[in-house]
Protein chains: 2
Amino acid sequence: MVVTQEPAHRGARARTRAAIVDAAFAQLALDPSATLGTIADAAGVGRTTLHRYFPERSDLLDALLEHAGHRLEEATRCARPEDGTARSAVVRLSQEYLELGDLLTVIFSGTIDATCIPDPDGQDPILALVRKGHADGSIDPELTDDWVLGIVWSQLYNAWEILRGRQVSRHDVVRQLVRTIDKAIAA
Amino acid sequence: MVVTQEPAHRGARARTRAAIVDAAFAQLALDPSATLGTIADAAGVGRTTLHRYFPERSDLLDALLEHAGHRLEEATRCARPEDGTARSAVVRLSQEYLELGDLLTVIFSGTIDATCIPDPDGQDPILALVRKGHADGSIDPELTDDWVLGIVWSQLYNAWEILRGRQVSRHDVVRQLVRTIDKAIAA
DNA sequence: CCACAGTGGAACATGCATGTTCCACTGTGG
DNA sequence: CCACAGTGGAACATGCATGTTCCACTGTGG
């Protein structure tokens, strides 16, 4: 019975790879110029092993980009962007994205270029919602699409920074994030 | 007639120094790990000259910190933080700070540590205003001091990014910045 | 016109991150 | 128990940013 390509070592390789990717997000969120050695240490693997999975730094960054793309897609799906007013969808989307944690910081800091993450639909899901919100009148017409997009991302960044820095309850941060974005973009 | 310590070369030295500091803000805003060579080029001086003014990278960063402190103080003074409600003062302060340009990006990105910039009064002027706003009821009591502070900084960062990236009128950006912060922090 | 401040290029030492190669070790599936 | 995938350390080459030294050049104030 043929299962997959690499029946035996698939588990180990996948686990090591995931550990490196996770550690990379964590370390690059702390410092965008984090060393490969630092990342390897954080992942609990040798630097040699890291290079075995990602021969060059850019290969690792590519992997982060791809991983980020999947996570964003998934989060977008969870937020059910089609339901209710566009404004309420933007708020729901923000909550989902907050779950992405360090990934937000890495995207926002420009360490990986999120504009290279095309949705399956081919465009930024938040931007699409903002346009819809301007059309259906649920989002402040005095604010441009770009500006509203910026509000969402910068508040997400802000929320995550507060969440990981000080000892604040996740619940309080989510409440304030939702409240802030909703107030700011409301028509 | 004794004027100052260095009558002749004061002008030249001061000008070169200022050019380096300005270029450093510009380049570090583009990339926090910008090379000293890049900064020297941008300043239109040789790398040797840069090292003559700032023997080590950290000396340059120290100078940026000090310069930022003065600019922030000046901007704070211009905003007349004592006038009107604390909320209106926060909005005025934001407008003044936006004038600081790349300095905002450099502070916000953590390239220089702004928490090391103590006001003459010994504390962050925005934070002081936020506390006052919570006391006088002009700022949303559902949002913590830290959160409101974060809103202001992240929106300033956002505003400056939009202003320097795309070709948008300063006027439109200021209008949206003021509107966004005012709406978000209003009680 | 001369002295001197200010400058920039060339050449160098140094440290450090990156990337590679090789080898010994470990654990697990057959 | 054996074969082999997976691993990590050691040792090395390389590139690049940093920091230093030295010297020739420029411009300006006296």
Side-chain angles (χ1 to χ4, degrees), chain A residues 1-65 106 109-112, chain B residues 1-65 106 109-112:
Chain A
M1 158 186 179
V2 177
V3 189
T4 42
Q5 319 287 39
E6 296 116 21
H9 40 278
R10 186 170 201 126
R13 283 197 67 84
R15 232 176 305 121
T16 303
R17 199 190 134 97
I20 294 172
V21 167
D22 285 352
F25 275 117
Q27 295 303 309
L28 292 173
L30 286 173
D31 172 12
S33 56
T35 277
L36 294 181
T38 307
I39 293 172
D41 284 352
V45 302
R47 197 165 61 86
T48 312
T49 300
L50 189 151
H51 272 108
R52 205 169 279 131
Y53 284 79
F54 307 101
E56 300 192 8
R57 188 177 236 271
S58 63
D59 295 321
L60 177 56
L61 294 183
D62 288 349
L64 297 189
L65 196 60
V106 174
S109 70
T111 309
I112 62 178
Chain B
M1 160 184 176
V2 177
V3 189
T4 42
Q5 318 288 39
E6 296 116 22
H9 40 276
R10 186 169 203 125
R13 283 197 67 83
R15 233 175 305 120
T16 303
R17 198 188 135 98
I20 294 173
V21 167
D22 285 351
F25 275 116
Q27 296 303 309
L28 292 173
L30 285 174
D31 172 14
S33 57
T35 277
L36 294 180
T38 307
I39 293 172
D41 283 352
V45 301
R47 197 165 63 86
T48 313
T49 300
L50 189 152
H51 273 108
R52 205 169 278 131
Y53 284 79
F54 307 100
E56 300 190 10
R57 186 177 239 270
S58 63
D59 295 321
L60 177 55
L61 294 182
D62 288 349
L64 297 189
L65 196 61
V106 174
S109 70
T111 308
I112 63 178

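Throughout, a chain's letter reflects where its sequence line sits, starting with A, and its residues are numbered from 1. Remember, it's a predicted structure, so these values are computed and weren't measured experimentally.
- Proximity of a side-chain donor or acceptor of A:D22 to a complementary backbone N or O of A:A19 within less than 3.5 Å is not detected.
- Per the geometry, CZ belonging to A:R13 stands 17 Å off P belonging to D:dC4, to the nearest Å.
- More than 12 non-hydrogen atoms from other residues, nucleotides or ligands lie less than 6.0 angstrom from CZ of B:R57.
- Here the rule is side chain to side chain contact (heavy atoms under 4.5 Å, CB included) with B:Q27, and of B:T38, B:V106, B:D41 only B:T38 fits it.
- Closest approach of B:V45 and B:T16 over heavy atoms only: CG1-CG2, 4.0 Å.
- Nucleotide D:dA11 is matched to C:dT20 when pairs are restricted to Watson-Crick or G-U wobble geometry with both distances under 3.5 angstrom.
- The side chain to side chain contact (heavy atoms under 4.5 Å, CB included) test with A:F54 is passed by exactly one of A:T49, A:I39, A:D59: A:D59.
- One interatomic measurement links the two molecules: CZ of A:R17 to C1' of D:dT7, which rounds to 17 Å at whole-angstrom precision.
- When distances are taken from the side chain of B:T48 to each of D:dA10, D:dG6, C:dA10, the shortest belongs to C:dA10.
- With distances taken from any side-chain atom of A:V45 to the nucleotides C:dG19, D:dG8, C:dG6, the minimum falls on D:dG8.
- In this structure, A:L50 places its CG atom 11 Å from P of D:dT7, rounding to the nearest Å.
- Here A:F54 lies out of heavy-atom contact (under 4.0 Å) with every strand.
- The partner of D:dT26 is C:dA5, by the rule that a Watson-Crick or G-U pair needs both atom distances under 3.5 Å.
- Regarding B:Y53, its OH atom lies at a distance of 10 Å from the C1' atom of C:dA5, rounded to whole Å.
- For the pair A:E56 CD and D:dT14 P, the computed distance is 16 Å after rounding to whole Å.
- Residue side chain B:R52 reaches the base of C:dG8 through a donor-acceptor N/O pair under 3.5 Å, judged by distance alone.
- Put simply, CG on A:L36 is 15 Å from P on D:dG8, counting in whole angstrom units.
- Between the CG atom of A:D41 and the P atom of D:dG8 there is a distance of 11 Å, rounded to whole Å.
- Below the 3.5 angstrom threshold, one finds no donor paired with an acceptor across the side chain of A:R47 and the base of D:dG9.
- Rounding to whole angstrom units, CG of residue B:D59 and C1' of D:dT20 are separated by 14 Å.
- Nearest nucleotide to the B:R57 side chain, out of D:dG6, D:dG19, C:dG19: D:dG19.
- Comparing C:dT18, D:dT7, D:dT18 by their nearest atom to the side chain of A:T16 picks out D:dT7.
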